[in-house]
Amino acid sequence: MEAERFEALRRRFASLYARNPEVRKVPLEVWESALAEARVVPLLGTEANLFRLRRDVRGFPEGTILGEEILVPGFPHIPRIFRLSTGVPRYFSEAFFAEEKIEGYNVRLFRTGREILAVTRRGFICPFATDRWPDFLPRLSEFFEDHPELAVCCEVAGPGNPFVGEWPPYIKEDVRFFVFDLMRLPEGHLLPPEEKYALLEAYGFPAPEVSGPFWPGDLSPLLALLRRYEAEGREGVVLKGVSGRPYLKYVTPVSNLEDMRVVFPYLGEVPSQYLTHRLVRYILSHWELFGDVGSGEPVERVFRGLREFLERVAQGEPVAETFQVRFRTERAFRALLVHFRHAQVKVEVLKEKRRGEYLEVTFRKIYPRATAFWRQKLEGFSVVD
Ligand code: ATP
């Protein structure tokens with residue numbers, strides 16, 4: 001039976017391979033061993049013959065989508081700098097723009113056949129963004145008619161998103177989409193900033209705030225921008241050279257404090273360096289922007305809400321996070337539940353109600369590792385550390 005299933009998969013992939021010259025740049029044997037090791041797997045949630053890469057395969061990054069007529073590379077990792085005054089001149093020799101770094105989650109939107117799909121960083125179809133894009137990008141179909149060779153890279157952000165517990169402070173309800181890049185297919189080059197800004201404007205796509213151009217020899221306007229972002233509680237910037245390279249990210253001190261505050265309850269679920277990294281970023285950026293490392297406020301901010309949290313877990317409640325999310329269709333909500341099941345995320349639906357044209361759903365994610373992490377300590381067990 002297993003062998004039969006694998007054979008069906010192999011045939012399905014072979015038909016894609018026969019039609020897609022980009023995929024044929026890598027020998028079929030390499031793909032077949034990747035299939036056998038589940039480094040490449042079928043994409044669930046669509047009728048189209050699509051696969052996603054769970055790991056890099058011969059230069060194709062994790063999250064890449066392969067189809068008969070399409071190849072959408074995974075979104076690249078953006079290097080981070082910790083200090084602007086030395087980092088910027090080290091990497092930029094020409095002018096650059098500073099785009100607001102929006103705190104949310106990344107999707108790539110693309111057209112395949114008659115469908116428009118949104119996929120996450122790891123290459124899963126995101127049922128939420130696939131359902132909601134028409135609310136924010138009403139001219140997306142027209143865009144793909146005119147530019148079938150482009151994918152739209154977008155941050156989905158706001159308190160009503162189903163995945164992340166942080167969002168820009170100026171979004172008070174639901175979500176917003178922010179288009180931050182246009183990716184040329186199949187090779188995955190991101191369009192240079194000004195070419196992208198012109199297209200975003202032409203199609204009325206919402207985008208992150210753009211500042212600049214700035215020059216590496218005069219960083220005081222960039223430092224001033226980051227002090228403003230700090231005061232407004234925004235996450236940071238992605239710096240993009242006018243020619244399209246390089247890209248660098250830099251975040252505000254406060255965004256690191258927020259990360260730490262939000263993650264505390266889920267400590268058993270994240271890598272052990274998570275806090276240290278944010279602490280180091282906080283210290284360096286605060287020192288660079290304000291000349292000191294801050295006093296009392298950071299601790300107050302990071303520990304806010306923890307007393308109530310500890311009391312709840314000590315009384316036996318599991319560690320959980322609650323989300324309230326709007327869908328245009330019930331089908332999309334069911335698809336999201338299936339997605340969580342595949343991703344082994346434990347979810348309890350608390351409420352479903354109609355709200356105008358939307359189905360509004362409240363659900364909570366239960367975190368078993370974080371629950372065990374805190375419970376063990378609160379129940380008095382010893383550990384050797
Ligand atoms: P990595 O990129 O190393 O995987 P990560 O997934 O944790 O790290 P971040 O460190 O948050 O991501 O930063 C990169 C992400 O920032 C991008 O993948 C994108 O989703 C998001 N982002 C938000 N605003 C922008 C923007 N203006 N330009 C580019 N990316 C942006």
Side-chain angles (χ1 to χ4, degrees), residues 53-56 61-64 72-82 87 96-109 118-124 126 128-129 136 151-158 161 163-171 175-183 188-197 199-200 205-214 222 225-226 229 232-242 244-252 254-256 258-260 262-263 266 269-271 273-278 280-282 285:
L53 298 198
R54 288 180 61 230
R55 306 266 181 278
D56 297 7
E62 176 190 345
T64 297
V72 187
F75 190 81
H77 297 290
I78 302 174
R80 178 188 306 281
I81 54 170
F82 297 81
F96 61 91
F97 290 94
E99 293 182 7
E100 179 181 356
K101 185 173 188 303
I102 307 288
E103 177 102 68
Y105 69 93
N106 174 317
V107 293
R108 283 159 289 147
L109 289 146
V119 296
T120 64
R121 201 74 191 281
R122 293 170 63 201
F124 287 102
C126 172
F128 178 71
F136 305 97
V152 171
C153 307
C154 206
E155 198 78 357
V156 178
N161 90 80
F163 296 120
V164 293
E166 288 180 83
W167 52 86
Y170 49 83
I171 308 182
V175 288
R176 282 165 54 184
F177 280 44
F178 298 84
V179 178
F180 56 76
D181 272 308
L182 297 174
M183 178 186 267
H189 291 157
L190 303 175
L191 295 195
E194 283 152 307
E195 197 180 333
K196 169 184 69 183
Y197 301 145
L199 280 170
L200 301 189
F205 289 168
E209 181 173 272
V210 178
S211 307
F214 300 105
L222 179 62
L225 175 73
L226 278 144
Y229 278 9
E232 294 172 356
R234 301 199 197 197
E235 190 193 9
V237 287
V238 180
L239 308 177
K240 304 186 177 180
V242 287
R245 309 182 75 118
Y247 274 26
L248 292 177
K249 63 191 180 196
Y250 177 90
V251 298
T252 51
V254 72
S255 83
N256 293 300
E258 277 299 295
D259 281 357
M260 289 191 271
V262 169
V263 85
Y266 316 121
E269 308 273 334
V270 298
Q273 321 86 320
Y274 189 96
L275 283 180
T276 326
H277 284 172
R278 273 136 192 102
V280 169
R281 286 179 212 159
Y282 167 82
S285 59

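Both ligands and their constituent atoms are indexed starting at 1 by order of listing.
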For ligand 1, the portion of F178 having any non-hydrogen atom under 4.0 Å away =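 None of F178 does.
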
Would you mind telling me if ligand 1 is within reach of the side chain of I78, the backbone, both or neither, using heavy atoms under 4.0 Å?
->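 For I78, the contact with ligand 1 is made by both the backbone and the side chain.
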
For [X], is at least one N or O under 3.5 Å away from an N or O on ligand 1?
{"X": "R121", "answer": "yes"}
{"X": "I102", "answer": "yes"}
{"X": "E99", "answer": "yes"}
{"X": "E235", "answer": "no"}

Audit row: F180, F75, ring pair (Phe, Tyr, Trp, His ring centres under 6.0 Å) steps and yes/no = CA-CA 12 Å; F180 56 76; F75 190 81; 5.4 Å; yes

Which protein heavy atom lies closest to [atom], and at what distance to 0.1 Å?
{"atom": "atom 11 (O) of ligand 1", "value": "K101 NZ, 2.7 Å"}
{"atom": "atom 22 (N) of ligand 1", "value": "E155 OE1, 3.7 Å"}
{"atom": "atom 8 (O) of ligand 1", "value": "K249 NZ, 3.2 Å"}
{"atom": "atom 4 (O) of ligand 1", "value": "H77 ND1, 2.7 Å"}
{"atom": "atom 26 (C) of ligand 1", "value": "F180 CB, 3.4 Å"}

Contact between [X] and [Y] at the side-chain level, heavy atoms closer than 4.5 Å - yes or no?
{"X": "E209", "Y": "R234", "answer": "yes"}
{"X": "L239", "Y": "F214", "answer": "no"}
{"X": "R80", "Y": "V251", "answer": "yes"}

Compute both the distance and the angle, then confirm whether R278 meets the cation-pi test with Y282: under 6.0 Å from the six-membered ring centre, within 45 degrees of the axis.
->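 Because its charged atom misses either the 6.0 Å distance or the 45° angle limit, R278 does not stack over Y282.
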
Contacts of type side chain to side chain donor-acceptor pair (under 3.5 Å), residue E99, not counting sequence neighbours |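 With neighbours one apart ignored, the set is K196, Y197, K240.
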
Residue-ligand contact R80/ligand 1, heavy atom below 4.0 Å |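 Yes, R80 has a heavy atom closer than 4.0 Å to ligand 1.
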
Output all residues satisfying side chain to side chain contact (heavy atoms under 4.5 Å, CB included) with R55, sequence neighbours left out; order by chain, then residue number.
->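 With sequence neighbours excluded, R55 shows a side chain to side chain contact (heavy atoms under 4.5 Å, CB included) to R39, given in chain and number order.
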
Does P73 offer a backbone N or O that forms a donor-acceptor pair with the side chain of R108 under 3.5 Å?
->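 A pair under 3.5 Å: yes.
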
Does the protein put any heavy atom within less than 4.0 Å of atom 18 (O) of ligand 1?
->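 True for atom 18 (O) of ligand 1.
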
Which atom names give the shortest non-hydrogen contact between T64 and G74, and what distance separates them?
->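 Minimum heavy-atom separation between T64 and G74: OG1-N, 3.1 Å.
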
